[in-house]
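Each chain gets a letter, A, B and so on, in the order its sequence line appears, and its residues count up from 1.
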2 protein chains.
Amino acid sequence: MAPRPNLSDIARAIGVSSATVSNALSGKGRVSAQLSRQIAEKARELGYVPSLAGRALSTGRSHVLGLVLADIGHPLFPQFAQAIEQAATKAGYGVLIGDSRGDVKTQTAAIDQLIERGADGIILVPRHGTRIAEINCPVAVIDTPSTPGNTVSADHWQGGRLIGAHLRNLGHTHLAIIGLHQDSNVQADRIGGIRTGFGREGSVRTLWIDALEADAGPGCELGLAELVREGYTAFAAVSDIHALRAVSELQRSGLSVPAHVTVTGFDDLHWARSISPALTTVRMNMETIARLAVADLLLQIEPDRTTPPEDETAPPQAVPMELIVRSSSASPHGNLIPSQDNNNNSDPDTLPSREGTNNA
Amino acid sequence: MAPRPNLSDIARAIGVSSATVSNALSGKGRVSAQLSRQIAEKARELGYVPSLAGRALSTGRSHVLGLVLADIGHPLFPQFAQAIEQAATKAGYGVLIGDSRGDVKTQTAAIDQLIERGADGIILVPRHGTRIAEINCPVAVIDTPSTPGNTVSADHWQGGRLIGAHLRNLGHTHLAIIGLHQDSNVQADRIGGIRTGFGREGSVRTLWIDALEADAGPGCELGLAELVREGYTAFAAVSDIHALRAVSELQRSGLSVPAHVTVTGFDDLHWARSISPALTTVRMNMETIARLAVADLLLQIEPDRTTPPEDETAPPQAVPMELIVRSSSASPHGNLIPSQDNNNNSDPDTLPSREGTNNA
DNA sequence: CTGAAAGCGCTTACAG
DNA sequence: CTGAAAGCGCTTACAG
């Protein structure tokens with residue numbers, strides 16, 4: 001590993017000042033085209049790689065963003081990380097990760113650490129029930145529109161409405177919603193949306209998994225078969241994970257999905273399409289969310305950044321979710337709806353985008 | 001956002017040199033205890049946060065590690081990221097992420113970018129079939145022991161043996177292995193291990209999903225029911241994802257798991273315990289792998305780092321995997337084995353560790 | 001169009 | 001025990 005060449009090495013090799021090399025390489029256009037070319041050439045020849053530490057020190061910008069999540073272990077993390085990484089890279093930023101491991105104190109520590117490392121801004125996906133401490137650094141919060149301080153996020157309530165309406169349209173009248181925590185804003189919005197979309201006719205009730213588990217231990221039965229006996233034909237989980245658990249439990253009880261009951265999820269996790277029956281669910285447009293979050297941060301970091309005039313209005317806080325109808329949902333009368341898996345390719349970029357791109 | 005105070009601000013406020021402040025704060029012990037205390041006090045008072053950019057520039061160490069994965073979207077990524085983040089944080093390093101999106105060229109670009117950003121070392125989880133280009137920077141590769149250049153990884157072969165032996169011990173004689181790519185070293189090792197563990201009696205065959213999908217399109221039937229008719233009672237997938245798919249397909253065909261057939265997975269993904277039947281699988285000790293990878297990197301980065309003498313031997317390249325027996329596996333004669341979910345708590349730190357800790 | 005100089009915030013020999 | 005000085009690699013007014 002030879003010591004990396006620096007600006008002065010190039011300057012010396014050509015016989016110009018390092019200021020000129022810097023100007024040439026950064027393309028500010030104050031250097032004659034010919035010299036510029038010569039410098040670029042020599043830089044390539046020497047294998048010059050600019051040192052970001054030097055640049056960061058002189059400009060006061062690290063061009064690094066911090067990504068802090070409540071729980072890196074969450075299965076949705078890949079979608080977040082991938083989208084944020086992509087949006088940040090496109091904007092010329094790197095992504096430093098922090099894990100709050102569900103703990104508010106750890107979350108604060110993680111944030112402090114990222115600031116110390118020079119992050120120019122922080123994207124925070126907070127844990128449910130967390131109050132965001134004051135942060136001496138630009139922050140973009142991805143939570144849910146109803147959370148104060150939320151910057152941008154999926155419209156979980158609208159996603160819930162899609163699910164609720166879908167189930168109602170199939171003809172269900174008895175709906176059981178499966179949630180995990182009562183103190184999650186995201187889940188509260190999803191559930192509120194589901195109830196709204198489903199309407200007031202019939203019967204709707206909500207099961208809280210953590211309450212059940214507090215009594216009966218982890219992995220316990222949710223008692224879904226009993227609900228089916230009471231007439232419930234539709235089960236809407238606030239996460240694909242819980243939907244999977246519901247499907248499992250129902251099938252174990254000898255009930256068939258979707259012949260006897262319908263199950264829906266939330267989030268369109270990686271495997272949702274490959275189980276059988278494939279899971280009807282709703283999915284965030286992570287690409288858009290990430291792009292808006294990064295754009296918001298850049299606006300805070302570089303106030304002089306030119307914003308396209310049509311974006312003068314506040315950016316949309318709530319990015320619509322998309323319903324993905326798969327075979328786990330059917331009418332309660334047994335007639336399967338056509339299985340229109342409109343998400344049959346694995347390339348997220350080809351997902352239909354629901355809004356104008358607010359590109360930075 | 002007031003401008004952050006720096007060393008000189010502290011020095012000026014107290015009336016000493018910034019060299020002294022630096023020495024005091026870094027605890028090198030060249031400053032009188034009293035002055036040290038005074039400086040620390042003032043630093044706290046001013047809310048001083050050291051600038052890593054400055055330190056990085058003068059020391060030539062960024063204290064940042066780059067994590068490059070073949071596919072950030074992979075459901076195993078959370079386990080990797082969490083473990084690496086934790087190990088790095090413990091060693092005083094931050095983690096910058098890079099996504100190669102499955103593409104070798106992108107992978108190289110991602111690595112270059114991380115180097116440019118000053119990463120002191122890189123942890124690389126390469127895509128199957130990738131030859132690692134020369135990297136002008138310390139690298140630790142996490143792949144599989146049989147891959148040349150591998151630094152540390154789970155012992156996928158041994159994990160396979162656990163699965164194979166488990167199935168054999170249950171009394172199965174006809175085993176179908178379900179793989180995805182033929183060019184994945186990891187999968188090759190897993191499959192080799194499964195075959196070895198299962199032994200040479202009876203019949204073993206391997207199904208390649210991507211080959212099937214090349215013919216019949218994504219999400220197609222794997223034809224498992226047909227195999228059952230031919231006498232196959234055990235299905236070992238090289239990933240929980242495929243196991244899930246297998247379970248789904250078998251159940252759809254009216255076959256019951258584990259009453260009629262046994263299915264096993266690999267990796268113990270997040271949901272493996274919550275489906276029904278809960279999935280018998282094998283899991284990496286990510287914490288150990290991450291710790292060893294980081295330790296290896298630190299050894300390259302800081303050659304003078306004092307290593308405990310008992311670690312003088314090369315660190316174990318292959319970290320044993322652990323079999324997690326759940327209800328998806330049973331003897332072919334229908335007698336369920338006791339469902340000993342030895343992974344019933346959600347705290348990964350309490351997983352039994354199979355080896356001495358080689359802490360850095 | 002090009003260069004000399006100062007500075008970003010820290011650390012590190014080297015003197016005192 | 002403490003400080004003056006130089007330097008890490010870059011950028012940025014400011015002169016020429």
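Asp9(B) pairs by the salt bridge (Lys or Arg N to Asp or Glu O under 4.0 Å) definition with Arg12(B), not counting sequence neighbours.
For the pair Leu52(B)/Arg55(B), a side-chain contact is recorded, criterion being any heavy-atom separation below 4.5 Å from C-beta on. Looking only at side-chain heavy atoms (C-beta outward), Leu298(B) and Tyr93(B) come within less than 4.5 Å of each other. When side chains are defined from C-beta on, Thr151(B) does not count as touching Gln317(B), because their heavy atoms never get closer than 4.5 Å. In this structure the side chain of Arg37(A) never reaches within 4.5 angstrom of the side chain of Ile39(A), judged on heavy atoms.
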Nucleotide-resolved protein contact map, nucleotides 3-9 of chain C, B/S/- at heavy-atom distance under 4.0 Å: BB--BBB
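Of the candidates Val294(B), Leu69(B), Val68(B), Val294(B) is the only one forming a side chain to side chain contact (heavy atoms under 4.5 Å, CB included) with Ile123(B).
Here the closest heavy-atom approach between residue Ser36(A) and residue Ala24(A) is recorded as OG-CB, 3.7 Å.
Stem regions for DNA chain C, each three or more consecutive Watson-Crick or G-U pairs with both distances under 3.5 Å and listed by first number, read C:1-3 with D:14-16, C:5-12 with D:5-12, C:14-16 with D:1-3.
Distance CG (Leu52(B)) to P (dC10(C)): 10 Å, rounded to an integer number of Å. Computed from coordinates, the Leu25(A) CG to dT2(C) C1' distance equals 15 Å when rounded to whole Å. When rounded to the nearest whole Å, the span between CZ of Arg61(B) and P of dC10(C) equals 19 Å.
At a cut-off of 3.5 Å, with distance as the only test, a side-chain donor of Thr147(B) or Asn185(B) sits close to an acceptor on the other residue.
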